[in-house]
Amino acid sequence: MARYTRLEVVGMMQKTGMVPLFYHSDIELGKKVLRACYDAGARLMEFTARGDFAFEVFLELNKYSLKELPGMIMGVGSITDAAAASLYMQMGANFVVTPSLREDIAIVCNRRKVLWSPGCGSLTEINKAEELGCELIKLFPGSTYGPGFVKAIKGPQPWTSIMPTGGVSTEKSNLKAWFDAGVTCVGMGSKLISKDILEGKDFEGLQKKVAETLKLIETIRREK
């Protein structure tokens, strides 16, 4: 079962402004990635469940997080149906992220009061997701729509909370454009936890990069 309520999760997303995304089949490597992000100040991690037996990896990483990383909120991404969402919630996922809007996933997550964030790409989809109780919209792929899309949506719907994923980088100009447009937080995968970092097992470098990015987001928000 989830240890954090949906409001606690979205509150942490608003507070830190960033959700790191990560997948790797190596459990021990995953633990080191989690530790590096945690020590850098991150308090959320979206495990993108894309590989064979990914549920086994998530289970072990969530157990590790609960035991060793107090306050770390583990969620799962790349979920495409209600059965998968239910499986990961049974293993303690605190939030569920999907690449598209799926009503069946909304129903099972709402039943357990677990935050779900659907990938949306139109105002119609966003409105439907919010009618289903969505707290945070995932704009995906972010690179296709850009900050201008967010700004346009926030005009008539200032209450809509948006997290772009895909097309978000650690550069100040990129992050500033997104936050100036009004996003609540950003999802960051390979631009933050890169293939080079994983292959080189440069966990100190990862910790430094995550810390710098969190600080940059804080500065951008303060200067708005």
Side-chain angles (χ1 to χ4, degrees), residues 2 5-21 23 44 46-50 73 75-89 93-169 174-191 217 220-221 224:
T5 69
R6 67 171 73 192
L7 293 181
E8 287 174 327
V9 174
V10 78
M12 186 59 70
M13 291 174 171
Q14 291 169 337
K15 181 179 179 180
T16 64
M18 183 176 77
V19 180
L21 287 68
Y23 171 76
L44 297 145
E46 177 188 327
F47 178 80
T48 52
R50 296 175 179 172
I73 301 173
V76 64
S78 300
I79 298 301
T80 57
D81 56 64
S86 296
L87 173 65
Y88 280 94
M89 284 190 289
N94 294 284
F95 60 94
V96 175
V97 182
T98 72
S100 61
L101 175 59
R102 296 273 308 204
E103 188 168 345
D104 60 334
I105 293 176
I107 290 170
V108 296
C109 289
N110 286 339
R111 185 177 294 134
R112 300 192 190 190
K113 296 187 177 180
V114 170
L115 180 80
W116 59 282
S117 182
C120 295
S122 70
L123 186 55
T124 299
E125 287 185 337
I126 290 171
N127 285 338
K128 181 62 176 178
E130 291 179 329
E131 288 170 3
L132 292 169
C134 177
E135 298 283 350
L136 181 74
I137 299 295
K138 172 186 175 180
L139 180 63
F140 180 77
S143 57
T144 299
Y145 298 97
F149 182 85
V150 175
K151 188 174 182 180
I153 294 298
K154 296 286 284 188
Q157 296 192 180
W159 58 82
T160 296
S161 296
I162 297 173
M163 173 181 69
T165 301
V168 181
S169 71
N174 183 276
L175 289 169
K176 181 173 172 55
W178 285 114
F179 282 99
D180 284 353
V183 301
T184 296
C185 63
V186 294
M188 299 187 69
S190 61
K191 300 291 186 181
I217 290 172
I220 290 169
R221 285 170 149 183
K224 282 183 63 177

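Starting from 1, each residue takes its place in the sequence as its number. These numbers were taken from a predicted model, which means no experiment stands behind them.
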I need the [X] [atom1] to [Y] [atom2] distance, nearest 0.5 Å.
| X | Y | atom1 | atom2 | answer |
| --- | --- | --- | --- | --- |
| M12 | I73 | CE | CD1 | 5.0 Å |
| E130 | C120 | CD | SG | 8.5 Å |
| I162 | F149 | CD1 | CZ | 7.0 Å |
| K176 | N174 | NZ | CG | 12.5 Å |
| I79 | S117 | CD1 | OG | 12.5 Å |
| E135 | M13 | CD | CE | 10.5 Å |

Got a sec: does the CD of Q14 have more than 12 other heavy atoms crowding it under 6.0 Å?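 Buried by this count: over 12 neighbours within 6.0 Å.
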Does K191 NZ have over 12 foreign heavy atoms under 6.0 Å away?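 It does not: K191 NZ has 12 such atoms or fewer within range.
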Tell me, do [X] and [Y] make a side-chain contact under 4.5 Å, heavy atoms counted?
| X | Y | value |
| --- | --- | --- |
| W178 | V150 | yes |
| F95 | L136 | no |
| C185 | T16 | no |
| R6 | V10 | no |
| L175 | V168 | yes |
| D81 | R102 | yes |
| M89 | V76 | no |

Walk me through whether E125 and K128 qualify under side-chain contact (heavy atoms from CB on, under 4.5 Å). CA-CA 5 Å; E125 287 185 337; K128 181 62 176 178; 5.6 Å; no
Does the [X] side chain pair with the main chain of [Y], one donor and one acceptor, at a distance under 3.5 Å?
| X | Y | result |
| --- | --- | --- |
| D104 | A82 | yes |
| K151 | G182 | no |
| N94 | V9 | no |
| T184 | S161 | no |

Provide the closest heavy-atom pair for [X] versus [Y] in the form atom of the first, atom of the second, distance.
| X | Y | value |
| --- | --- | --- |
| S100 | T98 | O-OG1, 2.5 Å |
| F140 | Y145 | O-CE1, 3.7 Å |
| A93 | A2 | O-CB, 3.7 Å |
| P147 | A181 | O-CB, 3.3 Å |
| L132 | W116 | O-CZ2, 3.6 Å |

Assess the side chains of Q157 and N127: does a donor N or O sit below 3.5 Å from an acceptor N or O?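 Judged by distance alone, the side chains do pair up.
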Among L101, T160, L139, exactly one meets side chain to side chain contact (heavy atoms under 4.5 Å, CB included) together with I126. Which residue is that?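 For I126, the side chain to side chain contact (heavy atoms under 4.5 Å, CB included) check succeeds only for T160.
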